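Data block below; observations after.
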2 protein chains.
Amino acid sequence: MKYPMKLSNAMHILAFIYINPKNDLSSATIAVSVHTNPAYVRQIMADLKMAGILNNTQGHANPTFTRPADKITLLDVYRAVEGDKPLIHIDTNINPDCNVGVNIQRILQEKYQMIQKDAEESMHKVTLEQIVDEFHKCTKDQSMRWD
Amino acid sequence: MKYPMKLSNAMHILAFIYINPKNDLSSATIAVSVHTNPAYVRQIMADLKMAGILNNTQGHANPTFTRPADKITLLDVYRAVEGDKPLIHIDTNINPDCNVGVNIQRILQEKYQMIQKDAEESMHKVTLEQIVDEFHKCTKDQSMRWD
DNA sequence: AATACTTGTAAAAAATAAAATTACATGATA
DNA sequence: TATCATGTAATTTTATTTTTTACAAGTATT
């Protein structure tokens, strides 16, 4: 499948770091878990770094969060990896000479923006902390917690 | 992949039919407005027909709605053309031997389903009638109204 | 200082989902 | 009957994402 999965992979990477802070956190190790290659992990980590979520130092595998995990939301990560790309797209390639086409797409865009806003409010309520908490609950393995 | 645009094109097609009920509504004519080809228009109309939104008879270009336009929502059309495909996808191709990967994706899926639900509630509030009403308002051309 | 790691990044290639196209069977209408 | 139309399956093309390759540059250990 080639659906966009940077969001899911970015959350995976962040969760991996949060769950295994003492482990080897090199892009190579994380890549094994995400089932991809180190360069792609580094690309996503670069997005997260650019968005001010992650700290990392070149040459040294020691990624850390810039803020507590309960302040890192799904929306933050979505914005970090997807930027302004919306969930639903209008068709910008309609016939420009058709009054119906031009205006309907413009009106649709307004509606999509409202839907996007609702989805983003929903994403804003989900934190990395919540997700990792649920992970620990369901695995019944609190031994690796470090907080 | 290309961005999915069946939803926007399906809404375009429905609006075109609603705005121009007396015009030629052949797939060829609609395709000119959508800037695509007749077969693709027919494919989308087949989805809408299958979903019980549109009536059409083979061999005769006379598409009609099965119900009033204020009972046709964006969600209805989304379901018609996208089926169960969600807006956000988990990564199903993670390393199955990694406890973190498997569980994080499972937990993410639950979160995505909540976001999907909110987005769908938002889509449910938008009707074809509203969109075409806005079209008529902004074009200041009510002369083609037939209701 | 040498080495063996690492990250950071760009660029190219491969994969794949969506749209576009084609082809033709079938139905409607004059 | 001729000429339209729709319905639909199969194939090709296109666009986006992921994957891969490559290498510059930083870090740590010996």
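Keep in mind it's a predicted model, so treat the numbers as computed, not measured.
- In this entry the distance linking NE2 of A:H89 with P of C:dA17 reads 16 Å, nearest Å.
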Would you mind writing out the side-chain donor-acceptor pairs for residues 43-60 of chain A within the sub-3.5 Å range, not counting sequence neighbours?
residue	atom	partner	partner atom	Å
A:D47	OD2	A:K6	NZ	3.0
A:K49	NZ	A:N56	O	3.2

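- By the side chain to side chain donor-acceptor pair (under 3.5 Å) test, B:Q105 pairs with no residue at all, sequence neighbours left out.
- At whole-Å resolution of the value, CE in B:M50 and C1' in D:dT6 are 15 Å apart.
- Rounded to an integer number of Å, the gap from B:I13 CD1 to D:dT6 C1' is 14 Å.
- For B:S8, the side chain to side chain donor-acceptor pair (under 3.5 Å) test picks out A:Y112, with sequence neighbours left out.
- B:M5 comes within contact range of the sugar-phosphate backbone alone, with a heavy-atom separation under 4.0 Å but no base atom that close.
- With rounding to whole Å, B:I17 atom CD1 is found 13 Å from D:dT6 atom C1'.
- Out of D:dT8, C:dT7, D:dT14, the shortest distance to the side chain of B:Q43 is found at D:dT8.
- For the pair B:N93 CG and C:dA14 C1', the computed distance is 15 Å after rounding to whole Å.
- When the side-chain nitrogen and oxygen atoms of A:K6 are compared with OP1 and OP2 of D:dT18, none of them lie within a distance under 4.0 Å.
- In this structure A:S26 satisfies the side-chain contact (heavy atoms from CB on, under 4.5 Å) test together with A:D24, A:A28, A:T29, A:A61, sequence neighbours excluded.
- Between C:dA18 and B:Y40, no contact under 4.0 Å exists linking OP1 or OP2 to a side-chain N or O.
- Residues satisfying the side chain to side chain donor-acceptor pair (under 3.5 Å) test with B:N103, not counting sequence neighbours, are B:N99, B:R106.
- For the pair B:K49 NZ and C:dG27 P, the computed distance is 12 Å after rounding to whole Å.
- Listed by chain and residue number, A:N9 satisfy the side chain to side chain donor-acceptor pair (under 3.5 Å) test with B:D91 (two or more places apart in sequence, or in another chain).
- Under the rule for a ring pair (Phe, Tyr, Trp, His ring centres under 6.0 Å), B:H124 has no partner lying at least two apart in sequence or in another chain.
- B:K85 places its NZ atom 13 Å from the C1' atom of C:dT16, with the value rounded to the nearest Å.
- Side-chain N/O atoms of A:Y78 and A:E120 include no donor and acceptor closer than 3.5 Å.
- Within a heavy-atom distance below 4.0 Å of DNA chain C, the residues of residues 30-37 of chain B found are B:T36, B:N37.
- Contact check, A:K2 against D:dT19: no side-chain N or O comes under 4.0 Å of OP1 or OP2.
- Side-chain contact, A:E134 with A:Q130: no donor N or O sits under 3.5 Å from an acceptor N or O.
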Using a 4.0 Å cut-off on protein heavy atoms (strictly under), produce a 5'-to-3' string for nucleotides 22-30 of chain D with B for base contact, S for backbone-only sugar-phosphate contact, and - for none.
B--BBS---
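- In this entry the distance linking CG of B:D24 with P of C:dT29 reads 14 Å, nearest Å.
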